[in-house]
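One structure is given below, encoded as structure tokens.
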Amino acid sequence: MPRVIPELARESLWPADADEARALQDRLAPRVRVEPLDPGGVRLVAGLDVSYGAAELVAAAVVLDAVTLEVVAQATVRAAPSFPYVPGLFAFRELPPLLAALERLTVEPDAYVCDGYGLAHPRRFGLACHLGVLLDRPVLGVAKNAFVSEAAEPGPTRGAAADLVDGGEVVGRCLRVQDGVRPVYVSVGHRADLDSACALVLRLSPRHRICEPIRRADRLSRAELAAPAGGKQT
DNA sequence: GCGACAG
DNA sequence: ATCTTGTCGC
């Protein structure tokens, strides 16, 4: 159901090589908007993730009720990788299949959470920013470790946080979502600010380190990857 | 030059 | 991301 303007997708997802990909990121980065995200406006949240097999991948999107965290809709897409994994150019590898999976959804999410970075990226345009700009909807990036940025060790309890800094600027936040458990790295993708992003991630992580939307998408993509190809594609 | 490097 | 056993703990 979520759609991207065809021209924008065609021009910003298929670079001929790494240099062109970096140029595309530099050209699109100015479109990112950082602004408060109204918690009450987020009823449906989509979690995105991709699992890899020998020569194929499965992209999954799972939509949850932001309050009850119950699954409202989900979709998967099986495809062949169309771009190699290059640190910093992650979006060109995962966005095409993820967008295809999103188109299969039967509901319109109010916000999206994806694996990886938003502004905590070398050119301030990680996967979360790229997806946000293409959809022009709120998107957050949650990674399991830092890339270009550094952060102090946050306090030991849930909710404790420390600035993620790169080149002298705050690009995200190292956030502990469970007592005594390693923190996650949150950065804004689009149409959100750090405070609202962290508040939402905490709400979406009532029990585990990985927030529920991404957790569900991870499980779904793995299950579909293991399932016999050609079967029902949610 | 060398190592590091979201998933 | 993925290749992989048992083990400790809620």
Side-chain angles (χ1 to χ4, degrees), chain A residues 13 15 18-19 21-22 24-25 28-29 32 46-62 76-102 112-133 139-151 158 164-167 171-175 177-190 194 197 201 205-211 213-227 229:
Chain A
L13 287 176
D19 288 328
R22 295 189 187 92
L24 279 171
Q25 295 181 321
L28 295 169
V32 172
L48 280 33
D49 195 24
V50 178
S51 286
Y52 297 84
E56 62 181 350
L57 59 78
V58 170
V62 178
T76 61
V77 160
R78 185 182 294 263
S82 57
F83 199 84
Y85 167 64
V86 180
L89 302 180
F90 207 42
F92 300 98
R93 180 176 176 76
E94 299 207 335
L95 227 38
L98 284 174
L99 287 169
L102 290 178
Y112 300 76
V113 183
C114 45
D115 261 320
Y117 307 132
L119 294 174
H121 174 276
R123 286 166 295 285
R124 305 294 179 263
F125 199 70
L127 175 66
C129 293
H130 209 137
L131 176 64
V133 166
V139 180
L140 316 181
V142 183
K144 302 174 195 65
N145 31 47
F147 184 6
V148 294
S149 51
E150 301 183 332
R158 171 181 164 89
L164 252 183
V165 181
D166 177 45
V171 297
R173 200 171 287 168
C174 178
L175 177 69
V177 298
Q178 299 302 329
D179 292 354
V181 173
R182 281 186 305 153
V184 293
Y185 300 79
V186 180
S187 58
V188 171
H190 189 55
L194 263 180
V201 170
S205 312
R207 191 183 172 80
H208 305 283
R209 179 164 99 113
I210 303 306
C211 63
I214 290 181
R215 215 160 182 279
R216 294 288 184 137
D218 177 70
R219 285 155 78 242
L220 177 60
S221 61
R222 284 183 202 239
E224 180 56 37
L225 183 64

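Each chain gets a letter, A, B and so on, in the order the sequences are listed, and its residues count up from 1.
At whole-Å resolution of the value, CD in E56(A) and P in dG7(B) are 21 Å apart. Between D166(A) atom CG and dA6(B) atom P the separation is 14 Å, expressed in whole Å. In this structure, F92(A) atom CZ and dG7(B) atom C1' are separated by 15 Å, rounded to whole Å. Rounded to whole Å, the distance from CD on E94(A) to P on dG7(B) is 9 Å. One atom, CD1 of I210(A), and another, P of dG7(B), lie 9 Å apart when rounded to the nearest Å. Taking atom CZ of F83(A) as the reference point, atom C1' of dA1(C) lies 17 Å away to the nearest angstrom. The CG atom of D49(A) sits 13 Å away from the C1' atom of dT2(C) (whole-angstrom rounding). The interatomic distance linking R173(A) (CZ) with dA6(B) (C1') rounds to 20 Å, in whole Å.
Within 4.0 Å (heavy atoms only), L95(A) reaches no atom of the nucleic acid at all. Among the protein residues, L127(A) comes within range of the nucleic acid bases, having at least one heavy atom under 4.0 Å from a base atom. The residue G141(A) sits apart from the nucleic acid: no heavy atom pair falls under 4.0 Å.
Side chain of Y117(A) to main chain of F147(A): a donor-acceptor pair is present (N/O by atom type, distance under 3.5 Å, no hydrogens or angles). The closest donor-acceptor contact from the side chain of S149(A) to the backbone of A146(A) lies at 3.5 Å or more, if one exists at all.
Considering only side-chain N and O atoms, K144(A) lies nowhere under 4.0 angstrom from the phosphate OP1 or OP2 of dA6(B). Between N145(A) and dG7(B), a side-chain N or O to OP1/OP2 separation shorter than 4.0 Å is present.
Stacking between Y85(A) and dG7(B) is shown: the ring centroid lies under 5.5 Å from the centre of the six-membered base ring, and the planes differ by under 30°. Here Y52(A) does not lie in a stacked arrangement on the base of dA1(C), lacking the combination of planes under 30° and ring centres under 5.5 Å apart.
Between D19(A) and R22(A) there is a salt bridge, since at least one side-chain N of the basic residue sits less than 4.0 Å from a carboxylate O of the acidic one. The pair D166(A)-R124(A) meets the salt-bridge criterion, with a side-chain N (NZ, NE, NH1 or NH2) lying under 4.0 Å from an Asp/Glu carboxylate O.
A tilted orientation is assigned to the rings of F92(A) and F83(A), their planes being inclined by 30° to 60°.
For R222(A), counting side-chain heavy atoms from C-beta on, the closest listed nucleotide (dG7(B), dC5(B), dA1(C)) is dA1(C).
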